[in-house]
Protein chains: 2
Amino acid sequence: MKRVSLDMIAKEVNLSKTTVSMVLNGKGDLHKINPDTQALILSVAKRLKFRPNMIARNLSTGSSKTLALIVPRIIDTYYGLIAESIEQLSLKLGYQVLLGTTHEDPVKEKELLLTFEAQQVDGILIASTQHNLEDIKTISDAGLPVVLFDRHYPEADLPYVVVDNYLGAQKLVKHLIESGRKNIGYVGLNLDLTAIKDRQRGFENAIEGRAKDSNNLKIVDHQHAKSDCRKAVEELILNQGVDGIVFETHYLALYGIAKIREMEVDYPGAVSIASFGDHEVFSIFRPEVTALVLPVEQIAQNSIDMLMRQIENKPGDDPHLNKIVEPSMKVRNT
Amino acid sequence: MKRVSLDMIAKEVNLSKTTVSMVLNGKGDLHKINPDTQALILSVAKRLKFRPNMIARNLSTGSSKTLALIVPRIIDTYYGLIAESIEQLSLKLGYQVLLGTTHEDPVKEKELLLTFEAQQVDGILIASTQHNLEDIKTISDAGLPVVLFDRHYPEADLPYVVVDNYLGAQKLVKHLIESGRKNIGYVGLNLDLTAIKDRQRGFENAIEGRAKDSNNLKIVDHQHAKSDCRKAVEELILNQGVDGIVFETHYLALYGIAKIREMEVDYPGAVSIASFGDHEVFSIFRPEVTALVLPVEQIAQNSIDMLMRQIENKPGDDPHLNKIVEPSMKVRNT
DNA sequence: CTGAAAGCGCTTACAG
DNA sequence: CTGAAAGCGCTTACAG
């Protein structure tokens, strides 16, 4: 594939690469290049369909104009939504985004981190498995901007943007209580993530004082989430007699709803539910499912902002960046 | 950020960059470099945590080792799944993937195409809006490998991998007929895509001979898919008295199911449904939803294969590549 | 207002 | 078995 280069244009117009480069980078006026010269260069570049070789430019400028985005999985619509936002925002700022998915595997995550570093990305946005602090630290210390989002390492001094999971869980419980529920259950995952623990703490704390029963808190194995969740729901309703259930994440809610529908219970009359995290089908279902919605655009925007601040970092400006974003209730019919 | 370069290693071991480069690229034996020398270089590189600057390598080799993936939207789980597969496969082959989403906007698509080309990607995988043949042609003719997937331009001579939509629609109808349905309706989108038209043709053809009524074929505006789909379902059931409905895509099925559930009909007893394209919730719903599943891994695998064949293209090997992949019925309870 | 030249960090054909 | 040197296609400090 023979592409037209700066050099070819320079020859065509009988000027130096320097001049051509300046003009084509919009620095013509800055360098006081003759307007006619500029017009000529521009027109020739257009005629020849010149597209600069970004690789060469990147090598020269030391910036690749690409960001890396690492998420557990892209088909999780929560991360999918964030990915879309980030892609849009990056593009607007002139950055491409490289995508990587870990499937919660720290080894895969480590590989991705190293590869992206080698690819000279200008920054990394990562929803980590939370089992790679070492590598992330190393990369960050080496001067490559990193922002943790959704998942962070509380013990580390790295920029992050996360949801207020504790508050979120409380909001869910509060909503159920206010709608008259007296005996609330919870179905959560056995994942070793701060986000998850915060949700469980939030639930336990909010439930305080009310018919509090540790059997109302069901933790299911994330490997067998579907069957275990169905079992948990059954127990909560049959044995614990709950009249409300909080699901720790959207897909647990999905599993739970299916189970409830099969059971002989008045739903959402006798058993009402609320999900931590929204899902596209929640507003399609009848009854529509009440959920705590996580502000994905805010997460994306803050993450990008934080990353850009680091990328454009003036030395001395060492911002201890972090942002805790507030989720909001979307009360629907359950 | 000061990184260690080939040069630093060369100085450290008192050898030339050439030798170091060869060894680090695993070509040591090929060039008969002394094994001890090799061992030394390797160990020093490791100690210094050398990571080659891919940008520099790319400029030198003329290959960026990155692929571009362009899809309408990543939160559509169908494309999400394909994206995940492609990402995995690419990584295995040593390619990173750059992501772009068009949201069905040809202008956005064109921008992405040009940017990726400038970024020197080694190949482009695209589920096109089907309104950019010119640009794709130009890029492909310039020698940049392109594979169209899911959406193709039938009039153009470009490599593609698509689903057999015509056959798929027929399978859906056949299934409904075989399960005793006599009066089948269809809800589709007003999109100007070959895939869509093939589905509608497939339906019409399969329904031939049976109580065929053009009012059984409802085309809804994709801008107001939700409300229009609900309306269509209502008409099909109330006015047309259908006992089975084929939905042209997973989200139409989602909308339709919600509507059916609200209506006073025996579902799936009196009205059974089947969806073109699977969705994660279909197996969670009770009853579980019958769907035609599109072989995403196959699509991903074939697309990558086709792209790689072009990338490694020996001149003279000008393969008219294309693959039509077969969808399969996943019969569940509806 | 414009250009010659060095440099970004690699790879590789050629030479010995 | 190893190295000097050119080259990939840009940018930019410096000079005039």
Side-chain angles (χ1 to χ4, degrees), chain A residues 1-42 44-45 48-66 94 117-122, chain B residues 1-42 44-45 48-66 94 117-122:
Chain A
M1 164 164 85
K2 213 57 234 124
R3 311 186 65 244
V4 343
S5 67
L6 252 197
D7 219 33
M8 296 169 65
I9 299 197
K11 293 221 169 84
E12 185 83 10
V13 296
N14 260 312
L15 289 164
S16 72
K17 284 192 298 180
T18 307
T19 306
V20 175
S21 171
M22 286 166 169
V23 172
L24 259 22
N25 284 316
K27 297 183 184 163
D29 288 341
L30 184 67
H31 292 276
K32 306 189 182 157
I33 310 287
N34 187 315
D36 292 346
T37 309
Q38 293 200 38
L40 176 64
I41 291 174
L42 257 10
V44 170
L48 262 36
K49 293 203 169 72
F50 172 69
R51 311 233 83 225
N53 181 328
M54 298 305 271
I55 298 265
R57 171 181 292 174
N58 295 343
L59 180 58
S60 188
T61 60
S63 151
S64 69
K65 285 291 179 179
T66 97
E117 188 198 12
Q119 281 275 8
Q120 316 292 117
V121 299
D122 291 333
Chain B
M1 161 166 88
K2 212 57 235 128
R3 311 185 65 243
V4 343
S5 66
L6 253 197
D7 220 32
M8 296 169 65
I9 299 196
K11 294 225 168 79
E12 186 80 13
V13 297
N14 259 315
L15 288 165
S16 73
K17 283 191 299 177
T18 307
T19 306
V20 175
S21 169
M22 286 167 171
V23 171
L24 260 22
N25 284 317
K27 298 183 184 164
D29 288 340
L30 184 67
H31 292 276
K32 306 187 181 160
I33 310 288
N34 188 315
D36 292 346
T37 310
Q38 293 199 38
L40 175 64
I41 292 174
L42 257 11
V44 170
L48 263 37
K49 292 202 171 73
F50 172 69
R51 311 233 83 227
N53 181 328
M54 297 306 271
I55 298 268
R57 170 181 295 176
N58 295 343
L59 180 58
S60 188
T61 61
S63 151
S64 68
K65 285 290 178 181
T66 97
E117 188 198 11
Q119 281 276 8
Q120 315 291 117
V121 298
D122 291 333

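Just so we're on the same page: letters track the sequence lines, and every chain starts at 1.
Here A/L15 lies in heavy-atom contact (under 4.0 Å) with sugar-phosphate atoms only.
Rounded to whole Å, atom C1' of C/dG9 lies 9 Å from atom CD of A/Q120. Rounded to whole Å, atom P of D/dC10 lies 8 Å from atom NZ of A/K17. Atom pair B/K11:NZ and D/dG3:P shows a separation of 14 Å (rounding to whole Å applied). Summarising the geometry, the separation between CG on B/N53 and P on C/dC10 is reported as 5 Å, rounded to the nearest angstrom. Counting to the nearest Å, the P atom of C/dT2 and the CD1 atom of A/I41 are 8 Å from each other. Computed from coordinates, the B/N14 CG to D/dA4 P distance equals 11 Å when rounded to whole Å. With rounding to whole Å, A/I55 atom CD1 is found 13 Å from C/dC8 atom C1'. Protein atom CG of B/L59 is 17 Å distant from nucleotide atom P of D/dA6, rounded to whole Å.
Of the residues in residues 21-37 of chain B, those with a non-hydrogen atom less than 4.0 angstrom from any atom of DNA chain C are B/S21, B/N25, B/K27.
DNA chain D is contacted by both B/Q38 and B/T61; B/Q38 maps to the nucleotide lying nearer its 5′ end (nearest heavy atom per residue).
Checking D/dA13 for Watson-Crick or G-U wobble geometry (two distances, each under 3.5 Å) identifies no partner in any strand. The partner of D/dA4, taking Watson-Crick or G-U wobble pairs whose two distances both stay under 3.5 Å, does not exist in any strand shown.
Side-chain nitrogen and oxygen atoms of A/S16 include at least one within less than 4.0 Å of the OP1 or OP2 phosphate oxygen of C/dG3.
In this structure a side-chain-to-backbone donor-acceptor pair under 3.5 Å is present from B/T61 to B/R57.
The listed nucleotides are D/dT11, C/dA4, C/dC10; the one nearest the side chain of A/T18 is C/dA4. Of the candidates D/dG3, D/dG9, C/dC10, the closest approach to any side-chain atom of B/F50 belongs to C/dC10.
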Solution key, residues 31-39 of chain A side-chain donor-acceptor pairs under 3.5 Å, sequence neighbours excluded:
{"unit_1": "A/N34", "atom_1": "OD1", "unit_2": "A/D36", "atom_2": "N", "d": "2.7"}
{"unit_1": "A/Q38", "atom_1": "NE2", "unit_2": "A/D29", "atom_2": "OD1", "d": "3.1"}
{"unit_1": "A/Q38", "atom_1": "NE2", "unit_2": "A/I33", "atom_2": "O", "d": "3.0"}

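The base of C/dG7 sits within donor-acceptor range of the side chain of A/S60, with an N or O pair under 3.5 Å.
Neither side chain, A/S64 nor A/N58, offers a donor N or O lying under 3.5 Å from an acceptor on the other.
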